[in-house]
Amino acid sequence: MKVEILEEPLSPWVEVERYEREVLSPQHSGQYGAATVFSGTMRDFNEGDGVSGMLLEHYPGMTDSHLSKISQEAIDRWDILDTLILHRVGVIMPNDPIVLVAAWSAHRVEAFEAARFLIEELKSRAPFWKKEQLDNGERWVAKNR
Amino acid sequence: MKVEILEEPLSPWVEVERYEREVLSPQHSGQYGAATVFSGTMRDFNEGDGVSGMLLEHYPGMTDSHLSKISQEAIDRWDILDTLILHRVGVIMPNDPIVLVAAWSAHRVEAFEAARFLIEELKSRAPFWKKEQLDNGERWVAKNR
Amino acid sequence: MIEIKFFASLREDMGRGEAEINAADAATIGEVWARVADGKVLAENMLMARNMEYSSVDTPVADGDEVAFFPPVTGG
Amino acid sequence: MIEIKFFASLREDMGRGEAEINAADAATIGEVWARVADGKVLAENMLMARNMEYSSVDTPVADGDEVAFFPPVTGG
């Protein structure tokens, strides 16, 4: 189980490959039949407006502990072998990856449900806030669909 | 939209990274907020028995056309920007990746539903067959949970 | 001619992966089976395809078609 | 002492990101807010945490606690 908040650009698929090679394969070789991974990337539009950049703020300490808590919840609830959550903070540009959540399990149903749980919980409760840069100023994101 | 049947080892995350860099980013930069990827890996157990290897047979031509058909169905049904399906055939060893399905969309709900649809359709209808190598012989897989 | 293919456990049961019959000898997929199966019953759960599209025993066949029979699929 | 933090739009509204009060001056998170908010009403949808765990206005606070107030989250 790993949770990390990154100030630097995130390469989601490079990180998943590395985590499988360094952690999953050594510890769980032959056991994980299924991995479901969600990656969220910054769009250049939101709520009908063009967005040219974003500042992602968080609550250091609480983000980590909250994301660790939901990871443990997923592991306990769906018989998950391991999870990975990575989240960017700071200045983010369109097409930059923002978030990655991953769940490994013996079977696919559990992996899908756990990964979906992780991203829904992250979006509804983890203390991150987005401020968007628009053509005519900036705004705090209010709706988080 | 890409579908490929591979006789060689599959590196799912390397392929997703490459596909985003070579196809998604040039064509859809700033549009795809969400990617959901499922990767299936060979386990060393099934139905309570140890499995030491597997031969994966398919129906050349029909696999490709069937997987293209379900990809198009996902794209039409969930407002998906693009999909990727890769599947190994031939001799496969425990911990080897077997399958990858991916769906890109503006929003996560669509990406999750489409990726789940792709793997469920693939497992229930695409013409692949697994023959497992056990300690005391071999057997065709009957249940595909 | 109609070209016939068998896959996986069915290929092993039939003792061959391919067969061929004259188009005049079968009007449907069910009749194709009867021609090539040496009296074997087509098990309830077997699947069939005509020109790589899922079909049924009643699907008509024509000269140049490829017909395949195979067990339930287990990919992914 | 109790350390107080404000985040995102609330930080901007308050004109500062941090504050501090004596532990004796507040028994609950609601009382912490009253001490530092310069008469501002705590909006219905604001969230709060005590020592980085979600809490409510009735949650008791003690010396050494960290209390945070922030708007609905928008990560992911």
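Per chain, numbering begins at 1; letters A, B, ... match sequence-line order. Side-chain atoms are counted along with the backbone in the values below, which use heavy atoms only and exclude waters and symmetry mates.
- Heavy-atom neighbours of C/Glu53 CD from other residues, nucleotides or ligands within 6.0 Å: at or below the threshold of 12.
- Taking both residues in full, the closest heavy atoms of B/Val141 and C/Thr74 are given as O-CG2, 3.3 Å, listed atom of the first, atom of the second, then distance.
- Interface remark: C/Ala49 contributes side-chain atoms only to the contact with chain B (heavy atom separation under 4.5 Å).
- For a heavy-atom cut-off of 4.5 Å, chain B lies close to no residue in residues 33-44 of chain C.
- Listed by chain and number, the residues in a ring-ring contact (aromatic ring centres under 6.0 Å, His included) with B/Trp13 amount to none (sequence neighbours excluded).
- Proximity of a side-chain donor or acceptor of B/Lys130 to a complementary backbone N or O of C/Gly76 within less than 3.5 Å is detected.
- Using a 4.5 Å heavy-atom cut-off against chain C, the contacting residues of residues 52-82 of chain B are B/Glu57, B/His58, B/Tyr59, B/Pro60, B/Gly61, B/Met62, B/Ser65, B/His66, B/Lys69.
- With hydrogens and angles disregarded, a donor-acceptor distance shorter than 3.5 Å links the side chain of B/Trp129 to the backbone of C/Pro71.
- Interface residue B/Arg125: backbone and side-chain heavy atoms are both found under 4.5 Å from chain C.
- The shortest heavy-atom contact between B/Ala126 and C/Tyr54 is N-OH, 4.4 Å.
- Proximity to chain C among residues 21-35 of chain B is not found for any residue, judged by heavy-atom separations below 4.5 angstrom.
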